[in-house]
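Since the structure comes first, as structure tokens, the remarks are kept for the end.
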Amino acid sequence: MTMAGLDQLAGIHFLHPSIGFLALALVMAFLSNERYMTWRWLLLAPPVLAIFSVMALTFGGDGARELATLHYLGQTLSLGRVDTLALVFANVFAIQSLIGFIYALHVADRGQHMAACLYIAGGFGCVFAGDYITLFIFWEVMSIGSVFLIWLRGTQAATAAGFRYFLFHIFGGLFLLAGLLLRYSELGTFAFTAVAPEAARYYDYIILIGFLVNAACVPLHAWLPDAYPEATVTGAVFMSAFTTKTAVYVLARAYAGFDILAVAGVVMCLYGVFYATIENNARRILSYHIVSQVGYMVCGIGIGTAMTIDGACAHAYAHILYKGLLFMGAGCLLYSAGTAKLTELGGLASRLPLVMICYMVGAVSISGMPLFNGFVSKTMTITGAAEAHRTWLALGMELAAVGTFLSVGIKLPYFAFWAKPKSTVELKPIPWNMYLGMAVSSLLCLGTGLFPDLLYGILPYPTDYQPYTAWHVLQACLILGFTGLGFYLMRAIIPPHASRNLDFDILYRLIGRWFVKLVSVPAAAIDNIWTDVYEKIGLKALIEAGFLTSVFDVKVIDGVLDGSAKGVREVGGATVARSQTGRLQDYLAAAVAIGLVVFVVVWLR
């Protein structure tokens with residue numbers, strides 16, 4: 001697919017998916033919220049164009065190719081590196097962007113849509129970036145767009161969470177920028193290429209830290225469960241899809257086979273499900289499960305075999321679909337009931353049956369139930385770990401699967417939809433488009449689970465993995481069955497609690513307090529010294545200066561003025577009075593005459 005004209009200007013030979021979103025953001029800057037019923041259908045145009053563009057790239061050629069370059073300031077920016085790894089993520093990004101905008105059609109606030117457009121454009125830009133400069137630019141565009149999806153909720157908590165979120169991503173972006181500049185000074189290139197684990201240098205690890213911030217790797221993860229629950233209802237749906245999965249993509253691109261990632265991934269799996277199990281806010285539970293599920297992907301990338309990388313990509317694809325669906329379900333609860341806290345919900349199954357059904361599709365998908373997409377992706381990663389003789393890693397991921405079903409598949413829906421016999425919460429009607437977005441996502445979760453070859457066929461490496469073996473199905477059913485039985489037996493003693501659980505937030509807050517003390521204590525000491533100096537020296541000097549100025553005013557200024565007034569009165573009062581005509585031209589003429597006299601005197605000298 002060719003963009004007419006741009007191929008001669010900048011070497012762009014395809015319709016970059018980011019272009020439509022950036023153009024829409026620009027157009028919406030000149031629209032008004034009052035006319036959103038007219039312009040809201042424009043929201044669907046960029047996602048549809050993105051889907052066609054990505055499909056054309058997927059089936060339009062074989063092998064890696066460079067389709068868009070831009071020469072700027074002596075550098076060649078690669079905007080269109082296309083290969084199988086990029087297309088997996090671009091494919092699901094395009095689909096999820098359409099689902100997200102369908103879900104957001106009822107929102108009249110164009111600011112939210114502009115932020116979402118910038119955010120999605122940044123995600124696509126990162127996926128197709130072939131150099132670190134392009135990657136960094138779009139990386140920061142994502143940060144700007146996403147922080148506004150938090151701030152535009154308009155609450156005090158959202159404002160504070162947005163600032164913390166932005167600070168974290170500035171931190172990660174600075175590591176990325178420092179690493180790529182140091183890398184350039186050593187290698188003389190900004191090319192975004194794979195790093196061999198045995199050849200990694202210090203600047204590669206600096207870049208890796210920047211990537212791990214966006215991947216929400218423990219202990220750099222606390223921004224995610226802090227910020228996502230405070231985002232707008234529709235903003236959280238977009239954010240669940242792009243930030244961490246873009247990080248997964250760049251890790252798969254550059255850091256496959258780094259053993260530290262394999263261990264870190266399992267830590268993320270277990271840490272995320274632990275905190276999700278004890279949380280009360282539905283969107284905070286789902287946020288912790290992003291940490292956990294991304295852990296599967298990071299672990300697969302760290303192991304670095306063809307199957308585990310395929311598993312990481314497949315799980316990223318499935319995760320975007322079912323996690324978006326889960327956030328849409330939780331968003332419906334927040335939109336309709338006004339809260340996402342489990343302690344304030346319950347008994348809603350009969351009042352919101354479609355929300356409950358769609359949510360449960362996402363819940364069983366993330367839990368790895370056969371027939372749904374989480375089963376065909378998660379088992380690939382775990383099997384790949386076992387075949388690579390990383391038994392402990394495989395067991396850790398299996399254990400995390402238990403916690404996933406316990407918290408997202410059972411606890412959350414039980415206390416949101418069934419715990420109380422009857423709900424008395426006043427419900428706000430849910431717009432039709434929110435139901436449509438959930439329905440589309442539900443069908444995709446089921447479709448890719450029933451027909452896994454549709455997903456496997458676009459993975460980076462050819463695979464003959466078969467998820468529907470007797471052992472895989474039996475294993476999944478046993479895990480889910482015993483987890484469900486355990487919850488049933490303990491349901492009376494594990495109700496959610498209204499308090500909020502802090503994890504590494506405690507460390508961040510302590511660091512913040514220490515930093516404030518570090519700055520404020522020396523500043524206070526300097527201020528005290530200055531106050532003493534001012535009181536003993538400065539104030540006395542100021543009083544004496546005031547006395548001298550008063551003497552000068554009385555003796556000099558008043559004397560001159562009083563003497564002039566007396567002279568005018570006694571000598572030339574009548575003449576002076578006659579000279580005060582009040583006409584501007586007379587004064588100007590006099591000034592010119594005086595000036596000429598002064599000029600002649602100076603000239604004759």
Side-chain angles (χ1 to χ4, degrees), residues 17-18 20-21 24 43-55 57-58 86-105 107 112-113 115-128 138 142 145-146 149 214 228 231-249 286-287 289-290 293-294 297 313-332 358-359 361-362 365-366 372-374 377 433-449 454-455 458:
S18 295
F21 294 99
L24 180 59
L43 298 174
L44 303 182
V48 171
L49 289 175
I51 290 173
F52 278 109
S53 176
V54 173
M55 291 302 175
L57 293 171
T58 303
L87 288 174
V88 174
F89 288 86
N91 185 295
V92 70
F93 280 5
I95 292 172
Q96 187 61 27
S97 67
L98 178 60
I99 295 172
F101 274 119
I102 290 174
Y103 185 78
L105 274 178
V107 177
Q112 293 189 39
H113 299 308
C117 284
L118 287 177
Y119 182 49
I120 297 169
F124 276 116
C126 291
V127 164
F128 287 115
F138 283 106
M142 284 186 65
S146 56
L149 290 175
N214 272 31
Y228 282 25
T232 64
V233 169
T234 56
V237 175
F238 289 113
M239 294 175 71
S240 69
F242 289 89
T243 299
T244 51
K245 263 59 71 182
T246 302
V248 168
Y249 164 76
L286 298 178
S287 297
H289 269 290
I290 293 178
Q293 296 298 302
V294 170
M297 307 167 208
C313 294
H315 201 51
Y317 195 107
H319 179 267
I320 288 173
L321 294 176
Y322 63 62
K323 184 59 71 173
L325 177 57
L326 291 170
F327 266 97
M328 284 189 278
C332 284
C358 291
Y359 175 86
V361 171
S365 296
I366 193 175
F372 296 90
N373 60 357
S377 62
N433 58 285
M434 297 177 77
Y435 283 120
L436 179 59
M438 290 191 294
V440 173
S441 191
S442 298
L443 290 175
L444 290 173
C445 288
L446 181 60
T448 50
L454 295 175
L455 176 56
I458 62 173

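Everything quoted here is computed from the prediction, not taken from an experiment.
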Item to complete: Using atom types as modelled and distance alone, determine if a side-chain donor or acceptor of S365 lies under 3.5 Å from a backbone N or O of V361.
Response: yes
Worksheet item: Should the ring pair F128 and F124 be called parallel, tilted or perpendicular, given that the plane angle runs from 0 to 90° and is split at 30 and 60?
Response: parallel
Worksheet entry | Option from T246, T243, V248, V294 for which side-chain contact (heavy atoms from CB on, under 4.5 Å) with N214 holds | T243
Discussion item. Is it the case that the side chain of S146 and the backbone of M142 share a donor-acceptor pair, with hydrogens and angles ignored and the cut-off at 3.5 Å?
Written reply: yes
Worksheet item: Of the non-hydrogen atoms in S240 and K245, which two are nearest, and what is the gap between them?
Response: O-NZ, 2.9 Å
Worksheet entry | Closest heavy-atom pair and its distance - L105, N433 | N-ND2, 3.3 Å
Fill in: Between Y317 and N373: side-chain donor-acceptor atoms closer than 3.5 Å
no
Discussion item. One pair to check against ring-ring contact (aromatic ring centres under 6.0 Å, His included): F101 and F238. What are the steps and the verdict?
Written reply: CA-CA 9 Å; F101 274 119; F238 289 113; 5.1 Å; yes
Practice prompt. Return the minimal non-hydrogen interatomic distance between I320 and V92, and the atom names on each side.
Written response: CD1-CG1, 3.4 Å
Discussion item. Please check: side-chain N/O of H319 versus main-chain N/O of M297, any donor-acceptor pairing under 3.5 Å?
Written reply: no
Discussion item. For F21 and Y119, I'd like to know if the aromatic rings sit close, meaning centre-to-centre distance below 6.0 Å.
Written reply: no
Item to complete: Report yes or no: does K323 contribute a side-chain atom to a donor-acceptor pair with the main-chain N or O of L286 at less than 3.5 Å?
Response: yes
Worksheet item: Looking only at heavy atoms, which two atoms of M328 and S441 are closest? And how far apart?
Response: CE-CB, 3.7 Å
Practice prompt. Just say parallel, tilted or perpendicular for the rings of F93 and F242, cut-offs at 30° and 60°.
Written response: tilted
Worksheet item: Sub-3.5 Å donor-acceptor pair from the side chain of S97 to the main-chain atoms of A94, do we have one?
Response: yes
